[in-house]
Amino acid sequence: MSKVYICTAIPYVNGDPHIGHAMDYLLADTFARFCRLNGDDVKFQVGTDEHGNKVFSTALKKGVSVAEYAKQNSQKFLDFIQKLNISYTDFIRTTDEGHVARCQKIWQKLSPHIYAGNYDGWYCDGCEGFITQKEYDENHGICPDHQKPYQRLTEKNYYLRIADFRADIAKAIESDNFRILPEFRKQEVLKLLEDTPDISISRPRGKLSWGVSVPGDDDQVMYVWLDALSNYITVLGYPDRDISDFWPATAQFVGKDILRFHTITWPAILLGLGLPLPENIVSHGHVLLNSKKMSKSLGNVVDPLEVIEHHGIEAFRYYFLRHIDTFTDSDFTWEKFDEAYNNELANDLGNLIQRLATMCHKNDIHGQELNIELDEQYLSLMGSYEFSKAFDQIWLKIQQINKNIDVSKPWELAKSGDSEKLNTVLQEMVHNLLSVGKYLEPFLPDTAAKIEDIFGTQETITAPSEPLFPKNRQ
RNA sequence: CGCGGGAUAGAGCAGCCUGGUAGCUCGUUUGGCUCAUAACCAAAAGGUCGUUGGUUCAAAUCCAACUCCCGCAACCA
């Protein structure tokens with residue numbers, strides 16, 4: 001039994017949970033459950049990122065206190081996480097007192113690598129933020145949202161000296177000691193690392209009031225990323241406690257869009273603190289809607305709660321873990337979702353459970369206890385986060401059982417009175433289906449439990465009165 | 001010349017590293033079965049593997065050039 005620590009990116013609470021957040025949670029949860037299946041001791045962190053200007057100004061607009069607004073939204077995410085049946089062990093808010101105090105201690109520990117400097121760039125009053133040179137060029141120097149020309153502005157910032165860590169980070173990435181998955185992102189990150197300048201890690205209080213104060217400089221507030229990234233270790237109690245039992249993390253799950261922060265800023269912070277780097281950073285792709293990027297401006301956002309409502313949480317987990325590829329962007333459409341539900345969950349698996357249970361019941365077959373070793377292929381796919389491929393393997397087993405039923409024709413054996421053979425045949429299928437349940441556990445925990453309930457009983461097997469995945473549901 | 005990925009049956013993808021009858025899932029058509037949620041099983045049709053050229057006895061696979069699509073490029077899962 002080994003200690004496993006799994007982390008998810010903490011979402012920024014300035015909005016409702018969306019499909020993308022679900023990907024982080026589902027992948028991490030599946031891995032966590034897989035590790036438990038292997039007997040590991042799993043710590044599994046989730047949380048919310050609550051500081052920063054956007055939260056502050058939205059709260060102001062809504063006429064609620066910022067603390068209250070953050071709390072409400074944080075609760076929304078927690079509800080969402082629970083709805084997804086995520087088996088987390090720790091939930092952290094960046095507004096937690098303990099986290100804030102620990103961040104300040106982290107800052108102090110990093111101080112040999114921090115220096116005060118000036119940030120110089122194009123700034124828009126209306127947006128209250130700096131913009132990139134590229135954006136400046138594209139908009140011809142005028143903010144499209146506010147119709148005002150950008151101004152050249154210089155402000156005091158503290159910087160983290162990236163040069164102190166660049167070589168070590170690159171070495172860790174190249175050697176896979178700090179492994180970036182999928183592999184094709186590695187090159188991207190290494191290139192990016194070369195060009196990364198020192199990282200600004202604070203803002204003047206006048207620009208950013210809702211955040212963690214910089215120790216020793218009341219006019220400065222920590223940049224949200226420093227505060228947010230630290231959560232992975234403050235939740236373990238760092239630096240107040242020794243965290244070596246669970247740190248370094250076994251796997252951190254992040255969206256591809258925030259990979260840079262987790263492969264450059266984050267390791268720089270860790271190295272500055274003298275801590276080891278996480279073993280794996282797993283970056284997943286984005287969910288596309290009808291092959292298009294989901295975005296508020298396009299108005300094509302799908303509410304995950306609506307999707308969950310449609311066929312239930314197990315179907316939701318099923319679709320996103322199997323048909324949305326772990327590493328690349330994949331498409332969500334209602335048609336595909338329905339198709340997967342009907343063909344695979346209802347027809348292949350649900351119907352198999354129903355038909356086998358009914359046959360067992362008619363022939364007075366008792367359930368059995370399952371004792372199996374997970375096969376090598378499954379272990380290897382799961383261990384390398386190839387969840388959709390692992391799913392394909394499981395489905396082959398399901399199809400095999402369906403095929404076996406047709407080949408061995410239990411109904412004919414029953415008619416001919418060959419009860420010995422019938423018994424053997426059905427018992428074998430029950431065994432195989434129970435093992436499918438075992439393999440499904442990390443993905444579809446409720447379904448796995450139901451299979452266990454039906455076929456793992458000491459009594460005569462009984463078909464459930466209501467199919468597991470009824471068709472013609474709304 | 002910023003970095004990277006991709007182009008294979010109506011759709012979504014695998015195969016390419018380590019050249020040698022082009023494969024999977026869905027959809028379509030036909031047949032079988034009756035235990036089951038009109039579910040299950042089998043078979044068939046459907047592709048000159050983005051374009052052009054090269055290497056080779058042999059190229060989806062190796063090489064070169066080109067065309068088109070897409071991701072990333074400091075706060076967006």
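In what follows, every chain begins at residue 1, and chains take the letters A, B, ... in the order their sequences are listed.
Taking the P atom of each, B:rG27 and B:rA74 are spaced 44 Å apart, rounded to whole Å. Nucleotides B:rA77 and B:rA59 have their P atoms positioned 49 Å apart, rounded to a whole Å. B:rU51 and B:rU61 have their P atoms separated by 11 Å, with the value rounded to a whole Å. Taking the C1' atom of each, B:rA22 and B:rG46 are spaced 13 Å apart, rounded to whole Å. Going from the P atom of B:rU8 to that of B:rG4 covers 23 Å, rounded to whole Å. With both ends at atom C1', the span from B:rU37 to B:rA44 equals 28 Å, rounded to whole Å. B:rA64 sits 11 Å from B:rU55 when the C1' atoms are compared, rounded to a whole Å. Nucleotides B:rA60 and B:rC16 place their C1' atoms 7 Å apart, quoted to the nearest Å.
Applying the 5.5 angstrom centroid cut-off and the 30 degree plane-angle cut-off, the aromatic ring of A:His286 is stacked upon the base of B:rA77.
As judged by a 4.0 angstrom heavy-atom cut-off over every strand, A:Gly20 is placed among the base-contacting residues. A:His18 comes within contact range of at least one nucleobase, with a heavy-atom separation under 4.0 Å. Residue contacts shown for A:Ala9 are absent, as no nucleic acid heavy atom lies under 4.0 Å away. Using a 4.0 Å heavy-atom criterion, one finds that A:Met23 contacts no nucleic acid atom at all. Among the protein residues, A:Asp392 comes within range of no part of the nucleic acid, since none of its heavy atoms lies under 4.0 Å from any strand. Residue-level contact check: A:Pro410 touches neither bases nor backbone, having no heavy atom under 4.0 Å from any strand. A:Lys409 comes within 4.0 angstrom of no nucleic acid atom, judged by non-hydrogen atoms across all strands. Among the protein residues, A:Asn402 comes within range of the sugar-phosphate backbone only, with heavy atoms under 4.0 Å from sugar or phosphate atoms but none that close to a base. Within the 4.0 angstrom heavy-atom criterion, only backbone atoms of the sugar-phosphate kind lie near A:Lys54; the bases stay farther away.
When distances run from any side-chain atom of A:Glu412 to the nucleotides B:rC76, B:rU34, B:rU37, the shortest one goes to B:rU34. Here B:rA73 is the nucleotide among B:rA73, B:rA77, B:rU34 with the atom lying nearest to any side-chain atom of A:Arg260. Listed candidates were B:rA74, B:rU37, B:rA39. Nearest to the side chain of A:Pro197 is B:rA74. Of the candidates B:rG27, B:rA39, B:rU37, the closest approach to any side-chain atom of A:Asn351 belongs to B:rA39. For A:Lys191, taking side-chain heavy atoms from C-beta onward, the closest of the listed nucleotides B:rA36, B:rC35, B:rC3 is B:rC3. Nearest nucleotide to the side chain of A:Thr196, out of B:rC40, B:rG71, B:rA74: B:rA74.
Taking a cutoff of 4.0 Å between a charged side-chain nitrogen and a carboxylate oxygen, A:Asp168 and A:Lys171 do not qualify as a salt bridge. The residues A:Asp446 and A:Arg317 are annotated as not salt-bridged, no charged nitrogen and carboxylate oxygen being separated by less than 4.0 angstrom. Salt-bridge formation is detected for the pair A:Arg322/A:Glu344: a Lys NZ or Arg NE/NH1/NH2 atom is positioned less than 4.0 Å from an Asp or Glu carboxylate oxygen. Salt bridge annotation for A:Asp29-A:Arg33: present, with a cationic side-chain nitrogen under 4.0 angstrom from a carboxylate oxygen.
Pair check for B:rU61 finds none; no Watson-Crick or G-U wobble contact set falls under 3.5 Å. Across all strands shown, B:rC40 forms a Watson-Crick or G-U wobble pair, both distances under 3.5 Å, with B:rG32. Across every strand in view, B:rU18 sits unpaired, with no contact that passes the Watson-Crick or G-U test at under 3.5 angstrom. With a cut-off of 3.5 Å on both Watson-Crick or G-U wobble distances, the partner of B:rC3 is given as B:rG71. Remark: B:rG23 base-pairs with B:rC13; criterion is Watson-Crick or G-U wobble with both hydrogen-bond distances under 3.5 Å.
A:Gln399 has its CD atom 21 Å from the P atom of B:rA36, to the nearest Å. As rounded to whole Å, 14 Å separates atom P of B:rC40 from atom NZ of A:Lys403. A:Ile81 has its CD1 atom 13 Å from the C1' atom of B:rA77, to the nearest Å. In this entry the distance linking CG of A:Asn342 with C1' of B:rC26 reads 12 Å, nearest Å. For A:Asp24 and B:rA77, the CG to P distance is 10 Å, given to the nearest whole Å. Note: CG (A:Leu468) to C1' (B:rU37) measures 11 Å, nearest angstrom. For the pair A:Leu27 CG and B:rA77 P, the interatomic distance rounds to 16 Å; values are reported in whole Å. When the P atom of B:rA73 is taken as reference, atom CG of A:Leu190 falls 17 Å away, rounded to whole Å.
Checking A:Val224 against A:Glu339, the closest nucleotide of RNA chain B that is more toward the 5' end is the one next to A:Glu339. Remark on RNA chain B: of its neighbouring residues A:Lys362 and A:Val407, the 5'-side contact belongs to A:Lys362, judged by nearest-heavy-atom nucleotide.
One side chain, A:Asp24 or A:His284, offers a donor N or O that lies under 3.5 Å from an acceptor on the other.
Relative ring orientation between A:Tyr232 and A:His262 is described as tilted, the plane-to-plane angle lying within the 30° to 60° band. Below 30°, between 30° and 60°, or above 60°: for A:Phe165 and A:His113 the angle between ring planes is between 30° and 60°, a tilted geometry. Ring pair A:Tyr385/A:Phe387 is perpendicular by interplanar angle, where above 60° counts as perpendicular and below 30° as parallel.
Residue A:Lys471 places at least one side-chain N or O under 4.0 Å from the OP1 or OP2 atom of B:rA39.
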